[in-house]
Each structure stands twice: as structure tokens, then as C-alpha cells.
There are 2 protein chains.
Amino acid sequence: MKEKQNTLFVGSLAKGLKLLRAFDETTTEMSLTDLARRTGLDKSATQRLANTLHVEGMLDKDPETKRFRPSHAWLELAYAYFWSDPLVRQAMPQLIDLSQRLGSTVNLTELSGDHIIYVSRLPNGISQFSATLVGRRLPALNASAGRVMISTWPVEERDRVVESWPIHQFTPKTTIDRDVIREGIEEAAQKGYATTQNQMILNQTGVAAPIIGPDGRAYAAVQCSVSSHHWGQDRIQEELVPYILDAALAIAPQSRGVY
Amino acid sequence: MKEKQNTLFVGSLAKGLKLLRAFDETTTEMSLTDLARRTGLDKSATQRLANTLHVEGMLDKDPETKRFRPSHAWLELAYAYFWSDPLVRQAMPQLIDLSQRLGSTVNLTELSGDHIIYVSRLPNGISQFSATLVGRRLPALNASAGRVMISTWPVEERDRVVESWPIHQFTPKTTIDRDVIREGIEEAAQKGYATTQNQMILNQTGVAAPIIGPDGRAYAAVQCSVSSHHWGQDRIQEELVPYILDAALAIAPQSRGVY
DNA sequence: ATAAAGAATATCATATTATGATATCTTGTC
DNA sequence: GACAAGATATCATAATATGATATTCTTTAT
């Protein structure tokens, strides 16, 4: 086939993974033909691959409709991930504490290419469904967490990504002007934290503090979402920011004994 | 190869999945040789498969140590799972509400073969790390959630699984006597909810209510964990049970208009 | 009820693709 | 500085995945 390169690459495995990744927010279950269409794979190949995935417990199959769905094994993989990421173990107690203290939604995010990914989420109060789910990815430039991470980098690097990384307009008020975003990042660099408004959801304010590694660069962030109606500038300043900053500091690995 | 059966089965894909599932609580990163040893696969095969997984973004590779780790893609799969499981969307608001009302840890679990699996978790207060992670599996007979689900089944079926399903002794006080477990399930059948003590963690009480489907059988449960020190029988009875039962009822799909 | 269309499942000959033995290069250890 | 353990690369071989086709099952329309 016209697949990838050389002998170190197993095409069948790659195709199988393609089937798994074909499922997303809107595509939650698929028939054989759906799968074939969506992945662009040949009908027979899809049949064999999907069957293998099913036998191996990676895809559930409705005996009635014969349609395939993600299986519990997908959650087990996430479970293994959590153990493999030292940050999660490190952060969890702090996040729980913060969540209780603030009474609002608290998130832990990491950088994943030019996106952020939610690694841990503690929802509080009514939230949009997608805002409660681990594994969600968002363009880094759109999110307070992404901006505050970038703000810890050298200026040239910051400017480069502000120009090149993707942006998505989620609400009518989402900032799409890259200059404005750059200013936001610069402000974050000054203050040590970032705030955003109406970026993902209208009337929602995001506040994020960086988790900084030994090299001075942030690779993760603690983030908090609150309603703009109940949380004005002052209240955020006094009741939110200090605690989030503390938590982020406490999570950072080299936090003990660096003065 | 001596692999599985027929022409509807793609061996290379199955082997690739084997690599993914080789990671768990204790095995969080592996070298090529580790992987080969652990999966029992040939050295060259492991090399090719792992490389493919890496190229496809399913395994991160430390450029220094050359060791492989689960990638963020594992969380993305979980994200897709959450969308595919209608129960999660249905339950989330209720769970958040319950978590805030009770101020204690709330879980949503489903049955997965003879185990339960945590599908959603809202930790409150100090928790054991593993007790905060989605995707964790536990033998159904050990857990309050498992027992209460089983309690909704016909008696013969109940008795059958009580005899045959696996049990694991987590604490010195974990119930390993199957007769005692059967009694616990019968009690749950009477009361409509289940409680356990010291099963997973010492001095911890679990309370679970079944989420019952149209056929009268539970396929999921709302579960709550509290400290035995702060929560005596009476307090649980009055301040916990009614709310958990309410939540479970509200989550059940056919909850509207069945009287 | 019956026909027709669409989808799932099964079969099979072919060569493309995965295989695993071996050889080379790299890294860490004593 | 020599050795060992591990990672990476190469290659001839056949076993495995391929995809065209045929059959069975399910749904929709007439």
C-alpha cells in the first residue's frame, strides 16, 4: 500500500488505531460501513480490523444494531496514563483542597503540542458537559491555561507561537486578534497568572497559574473557571488568584527548598 | 504464528494493543526490552510495533532514556468514551449536585464483566490517589456499587455470581466469606441500597444506590465514600442514603413518568 | 406480502507486508 | 578503556494481511 515508509512501521497497527481515533464528540457509534467511510479504509480491511478490535475488547458491538462503540478499555488506558504522569499524583491533593476552598471548578492542564489538554477536572456547580471531561483539547492560545504557560517562555519564542499556533472562535467574543492575545500573554508574564473572559463560554472567566519546571518553563497549569456575574475583578483578585498561585507553587516539583 | 484463529483476525493489531495494555499502576514506563519481556513478544516485533505506536502518537518516547510512556492520546480516547456513554451525560449534573450537597466523594460506576469500573469521580477531602482516578476496576463482589447492582437481579443469578466471581482481599477486614457477601446483597435487595465497611480501605464506609434500567436490572450505580469515624449508622441513614437514592433515580433513563 | 436495496458476514487466491535472525551502532558500567 | 546491555538498522523469506467477490441477513419501499 501507499502507507507510511519503511520496515519499522506496521501498517495494520496504524490502521487499527485509525479506527479507534475515528470516534469523537459527535461520532459516538458507527456501523461497519460508517467506519470504512470515515477512515477511508477499504471495506474488507475495516471488517477485519474492527473485528479484531472487538475480539480484543477495545470495541463494544451492539448485538442488535451491529454498531461499534468505545469500550471500557478506553477508560482503563486513561487509568494507566494517570499513573504514568507524575504530575497527576503530585497535584491531586492540592486540587481537591483548592476545589473545596474555592467552591468552584478547578482544572489541571498540560501542554500537548499547540493545544492544552485537561488532565484532571474537579467540577463544581453547573457546568457545560464538555467542561467536566478529562482528555478535552483546546487551542493553547484560546485558553487562560495555555497563555499562562506560554508567558513563562522567552519573548521570541512567545511571539513565534502567537503568530503560528491555531485559534478557534468558540463564542462571538472569543479573541481572534493575535495582537490582543500577545498582550494578554505579556500581562500574564508580568503578573504571574492569566485571566480570560468569554473565550470558551460567554460570561465565564478563566484564571490560570503556571506550574513551572526546573528550567523555568511551565509545562502545566492550574486553572479555575467562574461565572463573570458572581466574580468581579476585585473578588477574583482577592479570593481566587492567591489560592491558585499557592496551589500551582505547591505542585511544582522543585517547590521544596528553593529560595 | 500460533496466534488467534482465522482470516478475520489481524495479528499485528492485536499485538500492538498488547503493548498498550502492558502499562499499569506499577509499570508506568518501559524500555524496548522491558516491553518485549512483559508482552512475551519477539524483540524485533516489539521494536516495530513500539515504533509504529510512537510515530502514531500513542506512545511518548523519552529522547534521553529511550523509554516509552503512555501519551496524551490515551486521555483523548477516554474523552471519546465519555461522549459515547449516554449515562455519563445523563449523570454528570446530578453527581455534581450530590457532591456539593454531601461534601463527600461521589462516584459513578458501571458493571464491566465481573468487575465494576469507575466512570466518573468527584473526590472531596483527602483521598487515596487511586480512589480519585477514573478507569479503575474493582471486583464487583468487593464493592458496595457492585453488590447493589447484583442485588437487582433474580435470586438464582445472584447466587451464581456470588459463588463464581472473583474476590480480592484489599484490607485485613475485607470480607472474603462468600456467604456473608450473599447476605449483604440480600439486604441490599431489601433496602434498595448497599453499604460496606473496611472493604477497600480501613475505616471507610461505602454507600451505593443502583441505577436501574427499563428491564429492572441495574447496570450502574451511584456510590459515595465516607470516613467511618465521622459517619455513624444514623448519620449515614439520614444524611446520605436519601440523597444518593434520589440521585440514582434521577439519573435512571426511564425516570420521567413511570408511576 | 414481496421485491429491492443496503449492510453484515464469509470465502479465497495472491503478493504485499510483517517477520525474526543477524549485524551494527550507542550508551552506560566497572 | 574494555565490556556488556540495549537500541537501531538490514534483509531474505514466507506467512499474513489483502481486497475482490459471493452469500446471508435486515430494513425499507411498493
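Per chain, numbering begins at 1; letters A, B, ... match sequence-line order.
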Could you give the distance from CG (Asp42(B)) to CD (Gln47(B)), rounded to the nearest 0.5 Å?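 Here the interatomic distance stands at 9.5 Å.
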
Quickly work out the [X] [atom1] to [N] [atom2] distance and round it to whole Å.
| X | N | atom1 | atom2 | result |
| --- | --- | --- | --- | --- |
| Phe9(A) | dA18(C) | CZ | P | 9 Å |
| Arg37(B) | dA5(D) | CZ | C1' | 10 Å |
| Leu59(A) | dA8(C) | CG | P | 14 Å |
| Met30(B) | dA5(D) | CE | P | 21 Å |
| Glu64(B) | dA7(D) | CD | P | 14 Å |
| Leu49(A) | dT18(D) | CG | C1' | 11 Å |
| Asp62(A) | dC25(D) | CG | C1' | 16 Å |

Would you call [X] and [Y] a salt bridge, taking side-chain N to carboxylate O under 4.0 Å as the test?
| X | Y | value |
| --- | --- | --- |
| Arg67(A) | Asp34(A) | yes |
| Arg21(A) | Glu56(B) | yes |
| Arg38(A) | Asp24(A) | yes |

Choose from [options] the nucleotide whose nearest atom is closest to any side-chain atom of [X].
| X | options | result |
| --- | --- | --- |
| Leu32(A) | dT18(D), dG20(C), dA8(C) | dA8(C) |
| Ser31(A) | dG19(D), dA8(C), dA7(D) | dA8(C) |
| Asp42(B) | dG20(C), dA17(D), dT8(D) | dG20(C) |
| Ser12(A) | dA18(C), dG19(D), dT8(D) | dA18(C) |

Can you tell me how the ring of His72(A) sits relative to the ring of Tyr81(B), calling it parallel under 30°, perpendicular over 60° and tilted otherwise?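 Ring orientation, 0 to 90° scale: tilted.
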
Please determine if a side-chain N or O atom of Lys66(A) lies less than 4.0 Å away from the OP1 or OP2 oxygen of dT9(C).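 Yes, within the criterion.
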
At under 4.0 Å, does any side-chain N or O of Lys15(A) touch on OP1 or OP2 of dA18(C)?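 It does not, given that no N or O in the side chain of Lys15(A) lies less than 4.0 Å from OP1 or OP2 of dA18(C).
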
Thr65(A) or Val10(A): which one's nearest nucleotide on DNA chain C is closer to the 5' end?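 It is Thr65(A) whose nearest nucleotide is closer to the 5' end.
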
By nearest heavy atom, map Phe68(A) and Ala45(B) onto DNA chain C; which one lands nearer the 5' end?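 It is Phe68(A), whose closest nucleotide lies nearer the 5' terminus.
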
Determine, step by step, whether Ser130(A) and Glu25(A) satisfy the side chain to side chain donor-acceptor pair (under 3.5 Å) criterion, reporting the C-alpha distance in whole Å, the side-chain angles of both residues, the deciding distance to 0.1 Å, and the verdict. CA-CA 9 Å; Ser130(A) 61; Glu25(A) 286 99 332; over 6 Å; no

Between the base of dG6(D) and the side chain of Arg67(B), is one N or O donor paired with an acceptor at under 3.5 angstrom?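 Checked by distance alone, the answer is no.
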
Return yes if a side-chain donor-acceptor contact under 3.5 Å exists between Tyr79(B) and Arg136(A), otherwise no.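 Note: Tyr79(B) and Arg136(A) side chains meet the donor-acceptor criterion.
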
At a cut-off of 3.5 Å, list every protein nitrogen or oxygen paired with a nitrogen or oxygen from nucleotides 9-12 of chain D, distance to 0.1 Å.
unit_1: dA9(D); atom_1: N7; unit_2: Gln47(B); atom_2: OE1; d: 3.0
unit_1: dC11(D); atom_1: N4; unit_2: Thr7(A); atom_2: OG1; d: 3.3

